[in-house]
There are 2 protein chains.
Amino acid sequence: MASYRAPLRDMRFILNEVFAAPETWAAMPATQALDADLAEAILEEGARVTGAELLPLNQSGDAEGCRLEDGEVRTPAGFKEAFATLAEGGWFGLGGNPEHDGQGMPKQLTVAFEEMLYATNTGFALYPALNSGATLLLDSHADAVTKACYLPKMYAGQWLGTMCLTEPHCGTDLGLIKTRAEPLDERRYAITGTKIWITGGEHDLAENIVHLVLAKLPDAPAGSRGISLFLVPKFKVDERGELGERNALGCGGLEHKMGIKGSATCVMNFDGAEGILIGEPHQGLAAMFTMMNYERLSIGIQGLGLGEVAYQSAMDFARERRQSRAPSGPAEPEAAADPILVHPDVRRMALDVRAWNEGGRAFTAFVAGQLDLAKFHPEAAVRDQADEMVALLTPVAKAFLTDRGFEATVTAQQLYGGNGYCVEWGAEQYVRDARIAMIYEGTNGIQAMDLVGRKLARNRGAYLARFAAAMRADLAEGGDAEIADFRDAATQALVRLEAVVDGLLARAGDNPDELGAAATDVLELLGLVAYAWMWWKMARAARHGLAAEGASGEAFYRAKLAVGRYFLSRQLPKALSLEARIRGGAEPLMGLAEEAFYPVD
Amino acid sequence: MASYRAPLRDMRFILNEVFAAPETWAAMPATQALDADLAEAILEEGARVTGAELLPLNQSGDAEGCRLEDGEVRTPAGFKEAFATLAEGGWFGLGGNPEHDGQGMPKQLTVAFEEMLYATNTGFALYPALNSGATLLLDSHADAVTKACYLPKMYAGQWLGTMCLTEPHCGTDLGLIKTRAEPLDERRYAITGTKIWITGGEHDLAENIVHLVLAKLPDAPAGSRGISLFLVPKFKVDERGELGERNALGCGGLEHKMGIKGSATCVMNFDGAEGILIGEPHQGLAAMFTMMNYERLSIGIQGLGLGEVAYQSAMDFARERRQSRAPSGPAEPEAAADPILVHPDVRRMALDVRAWNEGGRAFTAFVAGQLDLAKFHPEAAVRDQADEMVALLTPVAKAFLTDRGFEATVTAQQLYGGNGYCVEWGAEQYVRDARIAMIYEGTNGIQAMDLVGRKLARNRGAYLARFAAAMRADLAEGGDAEIADFRDAATQALVRLEAVVDGLLARAGDNPDELGAAATDVLELLGLVAYAWMWWKMARAARHGLAAEGASGEAFYRAKLAVGRYFLSRQLPKALSLEARIRGGAEPLMGLAEEAFYPVD
């Protein structure tokens, strides 16, 4: 009962009208070949292929799940064929390095395709998502021979990458890992240990699987500064890139999970498996961080994609469902009851989902645009500034988008009444699939700690000051009196955020618990402020569109402004309570003795 | 991996120290036989039996679910035996009418047992929960012969009741039902129609199933005023109460649901099944409402029970899990890492769950106490006042407790990191089981409409004014300077609520959409204010306990005050954003044309 068409109109609006992305592409040598028409063609074909290949496998993939049989993992029926079709279309190398047969598309474009992947089939989407992260990592840190051997095949979906970080006793605190790497000769190492929660650790989609594994060398210093990164393929690869014998590693089990059942989440055992070192010894965690910003944004987009398909499916239900009468009297007196969208509280649910989605889509494009500037822009000053913006906003993109995505799926499910709880309608699957995004790729609490620690306190608010300056400059530009409410609300929210963060950083000097106590609320507050900025941008572009297009696109722009005003009136006010919570400080959290947390009857 | 012991210390605190329930029981003839010792014995035995019989079947019941085989429903392994044990112990007649072999226990006591049922096994708990509702309905509306025949067997769990309301095309709007009742003779009717989402519509737990069915008589007026209530047993029952032949009804299918998989959710087909009329013709909906307050409170307790077991299980995990170091430096330097509760953001999650649970437990006991006054108190004025309080607070009890219960299970799940998403740990089941409580027994949106429409606007705020007067009187009583913060916060929140509701009722006169637009936020705000009142009561009782007991119970009371301060500092501030949202009015919801909700391209 899923109903989904990629929101191409909105994607076009954001790319062309809100961010003028084609102008930026034209200004950077690496992206000069891309123009609005090509971008449009990619989005349209992306919408077609995900709709045709992945959407029909979403519910069946959830119902069937993955199976482990004699060490081999079978993905749900149809996944293998759909994977082959997308691989053949070049979709897994869309953002890849052109020097190794990638297509070099900027992130600001590929995020739209990622949204379609997650919306149509999150369980499936995770295989290419992890592969993208792995290729980014190799592209940045592997030597030329390794890149030439691996990247073209991984972009082609012939081989697929994984990330092997977590172990049973440690996820967040990777300094505790026990997996060992013993040198075999100058190039090769024997990797031994157990990794858990490995997405795509084993499957039947590709002819080889390329594991990127964190492990400790014999001389490793203790803690997180003693971690190295290794490439450990399922089948060994010779110098010419030909597949050799099976490596000494295997899938020891599949997790039984709440959702994303089409995604194989594996326990991986490495029993002296041969691998090669990627990057410098003991620099594995640092290397990992080069792709973290991309991966975390991607997981944020999981929240967005699921929010969008949840919205569209719920509206499909709402269109048919009739219960009771409008408060002001029958809207359709000849029918036995009115469509449920006559009820303000039903509209509240629908608009809540929609406003989070549209704000999230713009924010995603903004962060992706900054990633592109940081990577492709010819001027170092622009790159550095974009780098800072990315650093500041990545934890927000991961956590705020996934929290809102989960909320959106839960709210959309509520709109169905009892049908939302029944499997056949599909709404409950979106909730289950969205839930993991708040947990993996660094829990949302870890994102919040990263924000307040590394991105705010460590530089004494300098990143935030530059974010605020950029936002203020943008708020001063364009717009007319009709959308003064957008400007005013965004300005006020920003002022509040700055004051709250100033107070927090002052308190944090005396009490190291203060940052952690405020972390989640500060992240939410920054998220709201960033969305307020995005809504200003969208409102301005909508006004411009109304003036330019006249009646032809009017409905789209009017709806955009209406949804934006829902954000201002119903979502942004959460800032008030966040502010009060943050000002409450750490004492309400730390006042209870640890033993008092554990229940006694 | 579930860890649960019934929170007897907190239940005792609430009953004896916060509400002085034994004094109230002693003052009412119907409850005079109950004293603190007997209540304590019931709670202890309830904790024992639910812990021993139901908790071990919770995860297995979820994994196995119910099966439909040749029209018969098999509940998960062990359910039948556990059911028999609890039935034998008299647990299903705990609140039943003593004139028909019920045990006549007041609701303020039985809610504590209900919490244990839901906490240990929500899928199981729903069979007796529906039976309780059915017996309440029969006790209020059936004739003497029917009561004498049915009630003793239903209290004994020998026969079990269901409620058959919903049909495929209508849930909320019962005026649309199509099920027909044709008179066969003076007493009997033939019932024909299809009912869906019938909890316990068919199962193997009891020898007969007693369906209470809403249907329309041939001369029924249209809409909700034309609905009658019928008793339709699975096996016909003769005058002496003996079982006869199978009635013409059966289970046409089981729903595949997100959770509560141990509960059989049935499609029930009535094909001219024989039934008798309960109450007056066309008065079925009104009759149904006599037990609605009890059932809605019960579903609220589902949220509370799941929140509690989620908290305890998460703390069991937290006790063992070590990741990273405390912000102020290693708490346990000799270990590789510190227990996760050193992290303020982990404490935030734990305290959030706990504070909602403890506030909810007190609020539940408060509403239950009002139900008891309304039913048992000898003075009509007291009964009437309690009736009003119940009317006002029942939608809050249902919706606010289930929203918070769901939040609590989601937050508790987050505390596990990736383990929370894996089935074996049990945390994800609580989320799935809690989700339905926001939907059934009237969606939370319907509760909110009931609150602002029938309970606020219809009496022009009179119920709320009396609630406020009672709260103010209580805030003026007792307490010391140490807990002035509890009094001040509760007072301010109440003032805000009153102002917001005044404004809303004024606006609602001009615009019928205003009530619906504000409904959910007003319900949340009233919930927060009511919890603030409860925390005042608890803080006062804790101060009293500290003074009276000295060191012996100190840890409990100190923890209670600390958790209360978490509520004040971190949960109550949501009132600020709710207030702003409500003041935003209906326009942000109604400004978007209906067709603009439906996705294009």
Side-chain angles (χ1 to χ4, degrees), chain A residues 5 8-9 171-173 176 197 255-258 312 315 319 323-324 327-328 336-337 341 343-345 347-348 350 417-418 421-423 428 436 439-440 443 445 448 512-513 516-517 519-520 559 562 565-566 569-570 573-574 576-577 580-581 584 586 588-589 591-592 594 596-599 601, chain B residues 5 8-9 171-173 176 197 255-258 312 315 319 323-324 327-328 336-337 341 343-345 347-348 350 417-418 421-423 428 436 439 443 445 448 512-513 516-517 519-520 555 559 562 565-566 569-570 573-574 576-577 580-581 584 586 588-589 591-592 594 596-599 601:
Chain A
R5 281 176 296 172
L8 291 176
R9 179 68 188 92
T172 294
D173 188 357
L176 304 175
W197 304 338
E255 301 292 346
H256 295 98
K257 309 183 303 294
M258 184 185 198
Q312 293 194 26
M315 288 306 98
R319 198 198 289 261
Q323 296 285 281
S324 307
S328 48
L341 274 172
H343 303 296
D345 192 64
R347 287 173 163 247
R348 170 189 63 79
Y421 200 68
C422 296
V423 171
E428 62 88 39
I436 186 60
I439 300 174
Y440 60 16
T443 64
D513 288 325
T520 290
R565 291 204 160 93
Y566 180 88
S569 152
R570 297 284 179 138
K574 192 178 184 186
L576 299 172
S577 56
R581 288 159 55 102
L589 298 176
L592 194 63
E594 190 194 321
F597 279 88
Y598 306 124
D601 79 70
Chain B
R5 280 176 297 171
L8 292 176
R9 177 69 188 91
T172 294
D173 188 357
L176 304 175
W197 303 338
E255 302 292 346
H256 296 98
K257 310 184 299 294
M258 183 184 198
Q312 293 194 26
M315 287 306 98
R319 197 198 291 261
Q323 297 285 281
S324 306
S328 48
L341 274 173
H343 302 296
D345 193 64
R347 287 173 164 246
R348 171 189 64 79
Y421 200 67
C422 296
V423 170
E428 63 88 37
I436 185 60
I439 300 173
T443 64
D513 288 324
T520 290
R565 291 204 160 92
Y566 179 88
S569 153
R570 298 282 180 139
K574 192 177 183 186
L576 298 171
S577 56
R581 287 160 55 103
L589 297 176
L592 194 65
E594 189 193 321
F597 280 87
Y598 306 124
D601 97 81

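Lettering follows sequence order; numbering is per chain, from 1.
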At a heavy-atom distance under 4.5 Å, which candidate from R565(B), K574(B), R319(B), Q312(B) has the highest pair count against chain A?
R319(B)
Among E428(B), M315(B), R570(B), which residue has the highest count of heavy-atom pairs closer than 4.5 Å to chain A?
R570(B)
For R581(A) and P573(B), indicate whether the former's side chain and the latter's backbone hold a donor-acceptor pair under 3.5 Å.
no
Is it the side chain or the backbone of Y440(A) that comes within 4.5 Å of chain B heavy atoms, both, or neither?
neither
By a 4.5 Å heavy-atom criterion (distance strictly below it), what part of L341(A) contacts chain B: side chain, backbone, both, or neither?
side chain
Is the closest side-chain heavy-atom distance between E594(A) and R347(B) below 4.5 Å?
yes
Whatever's closer than 4.5 Å to a heavy atom in chain A on Q323(B) counts as both
Specify the closest pair of heavy atoms between A559(A) and A596(B), including all atoms of both residues, with the distance to one decimal.
CB-CB, 4.3 Å
Taking every heavy-atom pair that is under 4.5 Å apart, which of T443(A), T172(A), L576(A), V423(A) has the most such pairs with chain B?
V423(A)
Side chain proximity check, M258(A) to I436(A), heavy atoms < 4.5 angstrom:
no
If you count heavy-atom pairs under 4.5 Å between each of A580(B), A337(B), S569(B) and chain A, which one has the most?
S569(B)
Heavy-atom pair with the smallest gap, counting every atom of Y421(B) and I439(A)
CB-CD1, 4.2 Å
Shortest non-hydrogen contact from Y566(B) toward L589(A)
CE1-CD2, 3.4 Å
Can you name the closest pair of heavy atoms from P327(B) and P344(B) and give their distance?
CG-CD, 3.7 Å
Does any heavy atom of chain B fall under 4.5 Å from the side chain of H256(A), the backbone, both, or neither of them?
both
For the interface with chain B, which of A519(A), A562(A), S328(A) has the highest count of heavy-atom pairs at distances below 4.5 Å?
S328(A)
Which portion of L176(A) sits near chain B, non-hydrogen atoms under 4.5 angstrom:
side chain
Per-residue tally against chain B (heavy atom, under 4.5 Å) across A586(A), G418(A), G445(A) peaks at G418(A)
Within the side chain of E255(A), is there an N or O that forms a donor-acceptor pair under 3.5 Å with the backbone of W197(A)?
no
